[in-house]
Amino acid sequence: MENRVSEAIESHVDLNSLPKEERLNRRRHSAAHVLAEAMVELFPDAELGIGPPIDTGFYYDFRLPRSLTPEDLTRLEERMRKSVKGKHAFQMASITKAEAEQKWAKQPFKLDLLADLEEGNVTQCTHAAFTDLCRGGHVNNTGELGAFKLMSIAGAYWRGSEKNPQLQRVYGALFETSEELAEYEHQLEEARRRDHRRIGKELKIFELFENIGPGHVVWLPAGATIRRELQRWIEDLEIERGYQHVITPNVGKRELYVRSGHWEHYQDAMYPVMEREGEEYCLRPMNCPHHIMVFESELHSYRELPIRIAELGNMHRWEKSGQVTGMSRVRIMTLNDAHIFCADEAMVESEVEGVLQLMEHVYGVLGLKNYRYRLSLGDRNNTEKYVDNPPMWDMGENLLRRVLNKVGLEYYEAADEAAFYGPKIDVQFQTAQGKDETLVTVQVDFHLPNQFQLEYIGEDGGRHRPIIVHRGVISTLERMTALLIEEYEGNFPLWLSPVQAVVIPIADRHIEYAEEVAKQLRTARLRVEVDTRGERMNAKIRDAQVRKIPYMLVVGDREAEAKAAALRVRGGGDLGAVPVTEILERLRRERDEKVLTVGG
RNA sequence: GCCUCGAUAGCUCAGCUGGUAGAGCGAGCGAUUCGUAAUCGCUAGGUCCACGGUUCGAAUCCGUGUCGAGGCUCCA
């Protein structure tokens with residue numbers, strides 16, 4: 001709230017004349033005041049931070065004599081509702097800095113905010129008995145807040161820096177109508193339902209074990225199948241585009257990472273060094289140095305470039321304990337990685353273009369839509385975090401911008417988001433939980449070729465320095481699988497489904513024929529099970545539905561007679577008896593064409 | 001890493017203020033042989049996360065640790 005010029009101190013606002021977003025922000029910000037009012041009543045010594053509106057409501061940060069409990073939220077909410085009933089007017093007033101400093105003398109965070117304000121720009125807002133330092137933007141009175149609910153308590157650093165004290169943040173949801181609030185709560189419920197951790201467990205896709213350690217994913221058979229399909233597919237796409245696949249070790253000597261710069265910039269995020277017989281080894285945090293070794297292993301001519309070296313390589317990153325999550329933020333991961341060694345900028349441009357086109361193809365086939373391209377820039381002044389080489393940054397950033405424009409992709413720019421060695425294009429994905437995650441990146445790197453003194457022989461017979469393009473497309477298999485689970489809600493398209501069809505014999509006497517049908521389908525490498533349990537057909541169908549298996553082939557006397565099966569598609573829909581040969585062709589085509597919707 | 005909350009059967013969860021545990025689903029066994037989303041019966045299954053403390057007595061209270069969730073910070 002601090003970087004807006006103080007507005008006219010209005011006496012009355014006609015809420016209906018405002019755009020909805022502005023109206024909502026006013027309601028949310030006002031609700032934060034009411035929350036603070038309630039908090040001060042509960043804890044007279046509460047120190048107040050800030051209370052801004054956010055996308056789904058508001059929050060307010062406090063420093064309190066003790067930790068808040070869920071019961072406190074109930075009490076605070078009741079107190080807030082009392083204030084709503086009182087319809088207290090919000091009244092803005094200008095005060096001098098000196099007055100403000102005196103008024104908030106016991107409020108260190110308010111004083112901190114005040115220090116940044118210009119004299120003449122200091123305003124306060126009063127409603128009922130509560131006054132807050134505030135630049136304005138309220139509704140007329142506390143009766144106009146809308147539908148709200150206090151949601152959760154969280155820790156948050158003052159001004160977002162972990163060097164500052166940590167405050168207690170109370171989050172509230174607020175919408176204009178109770179219907180909208182209910183809709184929001186429904187969305188939260190929906191997000192929980194789609195959560196890859198829940199579905200991953202239910203469908204036995206992956207598991208995490210305390211004994212193996214957090215962030216170390218175990219792919220169960222169903223997950224390993226999905227992974228294998230993704231892997232085969234992307235590798236084939238890469239082969240078609242001239243990539244060469246290599247397999248390199250998961251460790252390297254510490255010296256290698258010192259040279260690449262990882263040791264200096266990222267050792268905190270690396271697993272601790274292993275030492276034996278006087279040698280120091282690291283689990284690699286990235287694959288680049290290994291691929292550079294491959295490039296360096298022989299002298300290359302300009303005629304060979306670009307050289308595209310790819311690997312589904314494991315990477316190991318010591319994510320801090322609080323930030324490991326399910327399969328989407330892990331410590332050991334497999335990246336669909338490649339390094340393209342280019343002769344010059346023109347080649348870099350055309351290679352980056354090729355990568356962007358491959359991405360569009362891949363995300364299209366997977367049916368992904370909630371993603372945006374982000375041009376992530378460095379910071380010339382931060383030589384701690386980024387390699388100090390301004391011309392290199394200029395060149396890289398301009399180049400990426402040109403390619404994005406040329407390919408005609410929409411993108412946005414973000415400062416201070418680059419890799420330590422260069423700018424990048426990030427693919428930002430929105431998860432089911434509504435959070436932004438980086439799926440993959442394309443990076444232009446002038447730095448590592450320098451570190452490793454890479455060279456190729458040019459047309460002129462002289463030695464030249466190549467430029468490296470780092471890129472992923474399907475991200476780490478872990479994060480992509482997590483994403484797909486949420487995107488499909490576990491209903492994978494046929495080609496990715498761990499079990500593609502289950503044959504359901506109606507009675508035990510049909511098992512033999514059912515096995516025959518399964519065997520026939522397996523000749524087309526379809527993944528088929530036969531449900532031979534002594535359950536009723538209805539129960540078998542239900543279980544197959546719950547397991548989200550795309551096709552059910554029900555076989556009884558009539559089907560055995562006709563060399564057919566009654567075909568049922570996941571999600572309902574009995575297609576009646578279909579000859580097995582026809583089913584086989586149908587599934588094979590659906591699989592090979594990677595049709596997104598089963599039965600579609 | 002920091003703040004808050006949590007951990008009970010394979011899974012989801014109940015167990016009020018201290019008196020050594022329960023349901024549903026699942027599993028095993030038996031019966032049933034069935035035409036498009038759950039057949040019936042029986043049985044087994046627990047170091048109540050771990051370690052320490054308080055207490056005559058701890059799933060329950062306290063401390064430490066581990067793991068998980070939400071948030072903050074970070075994310076090559």
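All values derive from a computational prediction rather than experimental measurement.
Of all nucleotides listed (B:rG1, B:rC72, B:rG35), B:rG35 comes nearest to the side chain of A:Ala566. In this structure, the nucleotide among B:rA76, B:rA37, B:rG70 sitting nearest to the side chain of A:Arg197 is B:rG70. Candidate nucleotides B:rG35, B:rA76, B:rU36 were compared by shortest atom distance to the side chain of A:Asp574, and B:rU36 ranks first. The side chain of A:Arg317 sits closest to B:rA76 out of B:rC72, B:rA76, B:rA37. Considering only side-chain atoms of A:Gln166, the nucleotide from B:rC2, B:rG1, B:rA38 that sits closest is B:rC2. Distances were taken from every side-chain heavy atom of A:Gln323 (C-beta onward) to each of B:rG35, B:rG68, B:rC74; the shortest belongs to B:rC74.
Atom NZ of A:Lys163 is separated from atom P of B:rU73 by 13 Å (rounded to the nearest Å). The distance between atom CG of A:Asp61 and atom P of B:rU73, rounded to the nearest whole Å, is 10 Å. The separation between A:Arg509 atom CZ and B:rG35 atom C1' is 11 Å, rounded to whole Å. Atom CZ of A:Phe420 is separated from atom C1' of B:rC75 by 14 Å (rounded to the nearest Å). Per the geometry, CH2 belonging to A:Trp158 stands 13 Å off P belonging to B:rU73, to the nearest Å. As a whole-Å value, the separation of A:Arg198 CZ from B:rG68 P is 19 Å. As a whole-Å value, the separation of A:Glu162 CD from B:rC2 C1' is 8 Å. Rounded to whole Å, atom C1' of B:rC25 lies 11 Å from atom CG of A:Asp543.
A donor-acceptor pair shorter than 3.5 Å can be found between the side chains of A:Arg169 and A:Tyr171. Residues A:Ser161 and A:Arg159 have side chains that never bring a donor and an acceptor to within less than 3.5 angstrom of each other. Side-chain contact, A:Asp426 with A:Thr438: no donor N or O sits under 3.5 Å from an acceptor N or O.
A:Glu207 comes within 4.0 angstrom of nothing in the nucleic acid, heavy atoms only. Among the heavy atoms of the strands, none lies under 4.0 Å from A:Lys540. Within 4.0 Å of A:Arg558, counting heavy atoms only, lies at least one base atom of the nucleic acid. Within the 4.0 angstrom heavy-atom criterion, only backbone atoms of the sugar-phosphate kind lie near A:Lys435; the bases stay farther away. Looking at heavy-atom distances under 4.0 Å, A:Pro285 makes contact with a base. Contact annotation for A:Asp268: no contact, since no heavy-atom pair falls under 4.0 Å across all strands.
Straight-line distance between the P atoms of B:rC72 and B:rU12: roughly 26 Å, to the nearest whole Å. A gap of 10 Å separates the P atoms of B:rU8 and B:rA14, to the nearest Å. Comparing the P positions of B:rU43 and B:rC61 gives a spacing of 34 Å, expressed to the nearest Å. B:rC75 and B:rA58: their P atoms are spaced 48 Å apart (whole Å). The same atom, C1', is picked in B:rC11 and in B:rC51; the two are 28 Å apart, to the nearest Å. Look at the C1' atom in both B:rG19 and B:rG15: the space between them is 14 Å, to the nearest Å. Nucleotides B:rU66 and B:rA50 place their C1' atoms 7 Å apart, quoted to the nearest Å. Taking atom C1' on both nucleotides, B:rC49 is separated from B:rA9 by 14 Å, rounded to a whole Å.
For A:Tyr157 against B:rG1, a side-chain N or O and a base N or O form a donor-acceptor pair under 3.5 Å. At a cut-off of 3.5 angstrom, the base of B:rC74 holds at least one donor-acceptor pair with the side chain of A:Arg329. The base of B:rA76 lies outside donor-acceptor range of the side chain of A:Arg284, with no N or O pair under 3.5 Å.
No close placement of the A:Tyr421 and A:His447 rings is indicated, their centers lying 6.0 Å or farther apart. Taking the six-membered ring for Trp and the full ring otherwise, the centers of A:Tyr271 and A:Trp318 sit less than 6.0 Å from each other.
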How does RNA chain B read in dot-bracket, base by base from 5' to 3', with Watson-Crick or G-U pairs under 3.5 Å and | used when the partner is on another strand? (((((((..((((.....[..)))).(((((.......))))).....(((((..]....))))))))))))....
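Here A:Tyr59 does not reach the OP1 or OP2 of B:rG70: none of its side-chain N or O atoms lies under 4.0 Å away. Applying the 4.0 Å criterion to OP1 and OP2 of B:rC2, one finds that A:Lys320 has every side-chain N and O outside that range. Considering only side-chain N and O atoms, A:Ser321 lies under 4.0 angstrom from the phosphate OP1 or OP2 of B:rG1.
For the pair A:Arg308 and A:Phe341, the NZ or CZ position fails the cation-pi test of under 6.0 Å to the six-membered ring centre and within 45 degrees of the ring normal. Judged by the 6.0 Å distance and 45° axis criteria, A:Arg28 is positioned over the aromatic ring of A:Phe175.
Per the stacking criterion (ring centres < 5.5 Å, plane angle < 30°), A:Tyr421 does not stack onto the base of B:rA76.
Between A:Arg331 and A:Glu319 there is no salt bridge, since none of the side-chain N atoms of the basic residue sits less than 4.0 Å from a carboxylate O of the acidic one.
When the nearest nucleotides of RNA chain B are assigned to A:Ala156 and A:Gly326 by heavy-atom distance, the more 5′-ward of the two goes with A:Gly326.
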Write out a two-atom table: protein N or O, nucleotide N or O from nucleotides 39-41 of chain B, distance below 3.5 Å.
residue	atom	partner	partner atom	Å
B:rU39	OP2	A:Arg536	NH1	2.9
B:rU39	O4'	A:Arg536	NH1	3.4

Pull out every protein N or O sitting under 3.5 Å from an N or O of nucleotides 4-12 of chain B, one pair per line with the distance.
residue	atom	partner	partner atom	Å
B:rU4	OP1	A:Ser67	OG	2.8

For A:Phe429 and A:Tyr371: C-alpha separation, side-chain torsions, deciding distance, then whether ring pair (Phe, Tyr, Trp, His ring centres under 6.0 Å) applies. CA-CA 4 Å; A:Phe429 193 90; A:Tyr371 65 89; 7.1 Å; no
Do A:Tyr60 and A:Phe58 pass the ring pair (Phe, Tyr, Trp, His ring centres under 6.0 Å) test, and can you show the C-alpha distance, the side-chain angles, and the key distance before you say yes or no? CA-CA 7 Å; A:Tyr60 209 116; A:Phe58 58 93; 9.1 Å; no
Using the rule given for side-chain hydrogen bond (donor to acceptor under 3.5 Å, both in side chains), can you reason through A:His262 versus A:Gln267, listing the C-alpha separation, both sets of side-chain angles and the distance that settles it, and then say yes or no? CA-CA 6 Å; A:His262 291 113; A:Gln267 63 169 290; over 6 Å; no
List the steps and the verdict of ring pair (Phe, Tyr, Trp, His ring centres under 6.0 Å) for A:Trp393 and A:Tyr386. CA-CA 10 Å; A:Trp393 286 95; A:Tyr386 302 109; 5.4 Å; yes
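Ring pair A:His291/A:His339 is perpendicular by interplanar angle, where above 60° counts as perpendicular and below 30° as parallel.
A side chain to side chain contact (heavy atoms under 4.5 Å, CB included) with A:Asn250 holds for exactly one of A:Met315, A:His290, A:Arg284; it is A:Arg284. Tested against A:Tyr551, the residues A:Glu590, A:Arg568, A:Arg570 include a single side-chain hydrogen bond (donor to acceptor under 3.5 Å, both in side chains) partner, A:Glu590.
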